[in-house]
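When a ligand or atom number is given, it counts from 1 through the structure's own listing order.
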Amino acid sequence: MSNIVVLGVQWGDEGKGKIVDLLTEGADVVARYQGGHNAGHTVIVKNKQFILHVIPSGILHKGKKCIIGNGVVIHPRALIDEIEGLKKRRVTVGKNLFISGRAHVIMPYHTLLDGKHEEAKGSQKIGTTGRGIGPAYVDKMSRSGFRMIDLLDSRSFKDKLKANLEDINFLLEKKYHQKKISVNTIYNQYMKYADYLGPFVTDTVVMINDLIDQGRHVLFEGAQGTLLDIDHGTYPFVTSSSATAGGVCTGLGVSPAKVDGIIGVMKAYTTRVGEGPFPTELHDSLGEELRARGGEYGATTGRARRCGWLDLVSLRHAIRINGLTGVALTKLDVLDGLDTIKVCTSYTYKDPTNSCSRKGRACKFTDMPQTVNVLSGCTPVYRELDGWQKSTKGATKMSDLPRQARVYMDYISEALNVKIDLISTGQKRDEIIFVNHPFKKAKKKK
Ligand code: GDP
Ligand code: IMO
Ligand code: MG
């Protein structure tokens, strides 16, 4: 048995899609455990680009089982469109896709409320993807949500919908001055979705555990990233799910004892889309250059991603929380040609209330501060390393890399005390250096 998690260790968009696609070859099952269609995972296969939102990236490989777990929130229309879009491009989606009956459903009012909450927050907005993710998880936690299995019981679905809409319509009318939503409109729409998606719905907890017990290999595909995790991220500028390793267990019903390896996908620099503090953000032309070279535009919303240097403070936090067994370093090629590369090793912070500064001296953080107010006031302390002038694009062997690129990676690996197992040097599947194959490493460990 070797079951590996692939998750993001920054603010998402680290290149998880590419790494999952690459490792799917050695897996029998690929399973998503949290998030929804706020995710955008890009995979390039033979020069064709696919962007997966809620379907596991493993779908592009024939003969692999793909599971959407109970921790995911599903927008039925978006999922149907994604299935149809893949089928049009000759990707098989049928008996290879399984949806948990326990996964929660995104309703039209969730999407509406997501937008309204953001508008109401004004300059304090989160910068969500507008996909209704937060409100859907709110309903899940307040125990008024619908699960996929509920769509298959039309009578009780309608009764519960009526009850839910009483509250929702009150809010829409009184607070947001919107028109009421009609029960029948949603009911009719969602019953059509139920007809389409019903055949995919199953008890994925039983399924995945049986497969693991039979010795099948599972790849757990994370969405978003550690710094967007509801508990461990830069709250409140986070998403509403557990994007860290713990999310695998709750989001799929798999025991931690069955997880053999955790690969953190780490971009060689940092990006963030949406609002919230980002200490190493580059506000100058270099930030723009990284965006242009790295094609840093959201795969879901098309928004420009904010770019900056690698941040060891937040990465230490991510490594601790996830217990990484290895790292997949991506987009090394984007740093080609820079004279110097900076890495943030700590933050300094001058507390306006002087409670943490001694005699007006700034205090130092080597671990992530707990509040965004402090984090926004932090100044990064950098270590400068030499850049490299030779191209790393498409490199497949360590010996292809310039010495300075190896020094950069050795420095990161030592500073974070984690091994770099994979180095991605381009968008395509074969633009990769395997230092240690994660599945083989997990087997050896046993
Ligand atoms: P995800 O959400 O973590 O799957 O990442 P996204 O797909 O949102 O964004 C990552 C982007 O970087 C995509 O356009 C990928 O095709 C691209 N990408 C992934 N790995 C590499 C790499 O090593 N080099 C370059 N240049 N691009 C990469
Ligand atoms: P992948 O899986 C990057 C960000 C949004 C916003 C915050 C909350 O492609 O890495 P939400 O719509 O989830 O309520 O928005 O989270 N966000 C992402 N940023 N990559 C993602 O997914 C993201 N999913 C959500 O931009 O800041
Ligand atoms: Mg993405």
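Between Tyr137 and Ile230, the closest side-chain pair of non-hydrogen atoms is not below 4.5 Å.
Using cut-offs of 30° and 60° on the angle between ring planes, the pair Phe434 and His437 is parallel.
Judged purely by distance below 3.5 Å, without hydrogens or angles, the side chains of Ser144 and Ser142 pair a donor atom with an acceptor atom. With hydrogens and angles left out, the side-chain atoms of Tyr109 and Gln178 include no donor and acceptor closer than 3.5 Å.
For the Mg ion (ligand 3), protein N/O/S neighbours under 2.8 Å (waters excluded) are Asp13 OD1, Gly40 O.
The shortest contact between atom 13 (O) of ligand 2 and any protein heavy atom is with Thr239 OG1, 2.6 Å. Scanning the protein for heavy atoms near atom 26 (O) of ligand 2, the closest one is Arg303 NH2, 2.8 Å. Among all non-hydrogen protein atoms, the one lying nearest atom 15 (O) of ligand 2 is Thr128 CA, 3.3 Å. With hydrogens left out, the protein atom closest to atom 12 (O) of ligand 2 is Thr129 OG1, 2.5 Å, a heavy atom. The single protein non-hydrogen atom nearest to atom 3 (C) of ligand 2 is Asp13 OD2, 3.2 Å, given as residue, atom name and distance. Counting protein heavy atoms only, atom 6 (C) of ligand 2 is closest to Gly127 O, 3.2 Å. Regarding atom 7 (C) of ligand 2, its nearest protein heavy-atom neighbour is Val238 O, 3.9 Å.
Sorted by first and then second residue, the salt bridge (charged side-chain N to carboxylate O under 4.0 Å, His left out) pairs involving residues 232-246 (not counting sequence neighbours) form an empty list.
In terms of N/O distances under 3.5 Å, ligand 2 is approached by Gly40. Between Asn38 and ligand 2, at least one N/O pair is under 3.5 Å apart. Polar contact check, Glu275 against ligand 2: no nitrogen or oxygen pair lies under 3.5 Å apart. No N or O atom of Ser240 sits closer than 3.5 Å to an N or O atom of ligand 2. The shortest N or O to N or O distance between Gln224 and ligand 2 is under 3.5 Å. Any N or O atom pair closer than 3.5 Å counts here, and Asp114 shares no such pair with ligand 2. The shortest N or O to N or O distance between Val273 and ligand 2 is under 3.5 Å.
Between Asp410 and Arg406 there is no salt bridge, since none of the side-chain N atoms of the basic residue sits less than 4.0 Å from a carboxylate O of the acidic one. A salt bridge links Glu296 to Lys331: at least one charged side-chain nitrogen sits closer than 4.0 Å to a carboxylate oxygen. The existence of a salt bridge linking Arg293 and Glu289 is confirmed by a sub-4.0 Å separation between a basic side-chain nitrogen and an acidic carboxylate oxygen. Electrostatic pairing of Glu288 and Arg291 does not count as a salt bridge here, judged by no charged N lying under 4.0 Å from a carboxylate O. A salt bridge between Asp21 and Lys18 is absent, with no side-chain N of the basic residue lying under 4.0 Å from a carboxylate O of the acidic one. The pair Lys16-Glu221 does not meet the salt-bridge criterion, since no charged nitrogen lies less than 4.0 angstrom from a carboxylate oxygen.
Residue contacts with ligand 2, taken as heavy atom pairs separated by less than 4.0 Å, do not involve Arg131 at all.
The only option from Asp13, Thr280, Thr234 that meets the side chain to side chain donor-acceptor pair (under 3.5 Å) definition with Arg272 turns out to be Thr234. Only one option out of Ser241, Ser240, Ser242 pairs with Gln34 in a side chain to side chain donor-acceptor pair (under 3.5 Å); it is Ser241.
Cation-pi check for Arg89 over Phe50 is met; the charged atom lies under 6.0 angstrom from the ring centroid and within 45 degrees of its normal.
Proximity to Ala39 (heavy-atom distance under 4.0 Å) selects the following atoms of ligand 2: 1 (P), 2 (O), 9 (O), 22 (O). Of all atoms in ligand 2, listed by their number and element, those nearer than 4.0 Å to a heavy atom of Gly274 are 27 (O). Remark: ligand 2 atoms within the under-4.0 Å shell around heavy atoms of Lys16 are 1 (P), 2 (O), 10 (O). Those atoms of ligand 2 with a heavy atom of Ala223 less than 4.0 angstrom away are 2 (O). Distances below 4.0 Å separate heavy atoms of Trp11 from the following atoms of ligand 2: 3 (C), 19 (N). Applying the 4.0 Å criterion to heavy atoms of Leu228 picks out, from ligand 2, the atoms 4 (C), 16 (O), 17 (N), 18 (C), 19 (N).
No more than 12 heavy atoms of other residues, nucleotides or ligands lie within 6.0 Å of CG in Asn417, so this atom counts as exposed by the packing criterion.
Annotation: Trp11 is not in aromatic contact with Phe237 [ring centroid separation under 6.0 Å not met]. For an aromatic pair to be called close, the ring centres must be under 6.0 Å apart, and His217 with Phe439 satisfies this. Remark: aromatic rings of Tyr408 and Tyr411 are distant, center separation not under 6.0 Å.
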Query raised in the report: Can you list the steps and then say if Ile99 with Leu79 is a side-chain contact (heavy atoms from CB on, under 4.5 Å)?
Result: CA-CA 11 Å; Ile99 303 171; Leu79 176 54; 3.6 Å; yes
Where does ligand 1 get N/O contacts under 3.5 Å from the protein, atom by atom?
{"unit_1": "ligand 1", "atom_1": "2 (O)", "unit_2": "Asp13", "atom_2": "OD1", "d": "3.4"}
{"unit_1": "ligand 1", "atom_1": "2 (O)", "unit_2": "Gly40", "atom_2": "O", "d": "2.9"}
{"unit_1": "ligand 1", "atom_1": "3 (O)", "unit_2": "Glu14", "atom_2": "N", "d": "3.1"}
{"unit_1": "ligand 1", "atom_1": "3 (O)", "unit_2": "Gly15", "atom_2": "N", "d": "2.8"}
{"unit_1": "ligand 1", "atom_1": "3 (O)", "unit_2": "Lys16", "atom_2": "N", "d": "2.8"}
{"unit_1": "ligand 1", "atom_1": "3 (O)", "unit_2": "Lys16", "atom_2": "NZ", "d": "2.9"}
{"unit_1": "ligand 1", "atom_1": "4 (O)", "unit_2": "Lys16", "atom_2": "N", "d": "3.3"}
{"unit_1": "ligand 1", "atom_1": "4 (O)", "unit_2": "Gly17", "atom_2": "N", "d": "2.8"}
{"unit_1": "ligand 1", "atom_1": "5 (O)", "unit_2": "Gly15", "atom_2": "N", "d": "3.3"}
{"unit_1": "ligand 1", "atom_1": "7 (O)", "unit_2": "Thr42", "atom_2": "N", "d": "2.8"}
{"unit_1": "ligand 1", "atom_1": "7 (O)", "unit_2": "Thr42", "atom_2": "OG1", "d": "2.6"}
{"unit_1": "ligand 1", "atom_1": "8 (O)", "unit_2": "Asp13", "atom_2": "OD1", "d": "2.9"}
{"unit_1": "ligand 1", "atom_1": "8 (O)", "unit_2": "Gly40", "atom_2": "O", "d": "2.9"}
{"unit_1": "ligand 1", "atom_1": "8 (O)", "unit_2": "Arg305", "atom_2": "NH2", "d": "3.0"}
{"unit_1": "ligand 1", "atom_1": "12 (O)", "unit_2": "Lys331", "atom_2": "NZ", "d": "2.8"}
{"unit_1": "ligand 1", "atom_1": "14 (O)", "unit_2": "Gln427", "atom_2": "NE2", "d": "3.4"}
{"unit_1": "ligand 1", "atom_1": "16 (O)", "unit_2": "Gln427", "atom_2": "NE2", "d": "2.9"}
{"unit_1": "ligand 1", "atom_1": "23 (O)", "unit_2": "Lys331", "atom_2": "N", "d": "3.0"}
{"unit_1": "ligand 1", "atom_1": "23 (O)", "unit_2": "Ser424", "atom_2": "O", "d": "3.1"}
{"unit_1": "ligand 1", "atom_1": "23 (O)", "unit_2": "Ser424", "atom_2": "OG", "d": "2.5"}
{"unit_1": "ligand 1", "atom_1": "23 (O)", "unit_2": "Gly426", "atom_2": "N", "d": "3.1"}
{"unit_1": "ligand 1", "atom_1": "23 (O)", "unit_2": "Gly426", "atom_2": "O", "d": "3.3"}
{"unit_1": "ligand 1", "atom_1": "24 (N)", "unit_2": "Asp333", "atom_2": "OD1", "d": "2.8"}
{"unit_1": "ligand 1", "atom_1": "24 (N)", "unit_2": "Gly426", "atom_2": "N", "d": "3.4"}
{"unit_1": "ligand 1", "atom_1": "26 (N)", "unit_2": "Asp333", "atom_2": "OD2", "d": "2.8"}

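Listed by chain and residue number, Phe157 satisfy the ring-ring contact (aromatic ring centres under 6.0 Å, His included) test with Phe146 (two or more places apart in sequence, or in another chain).
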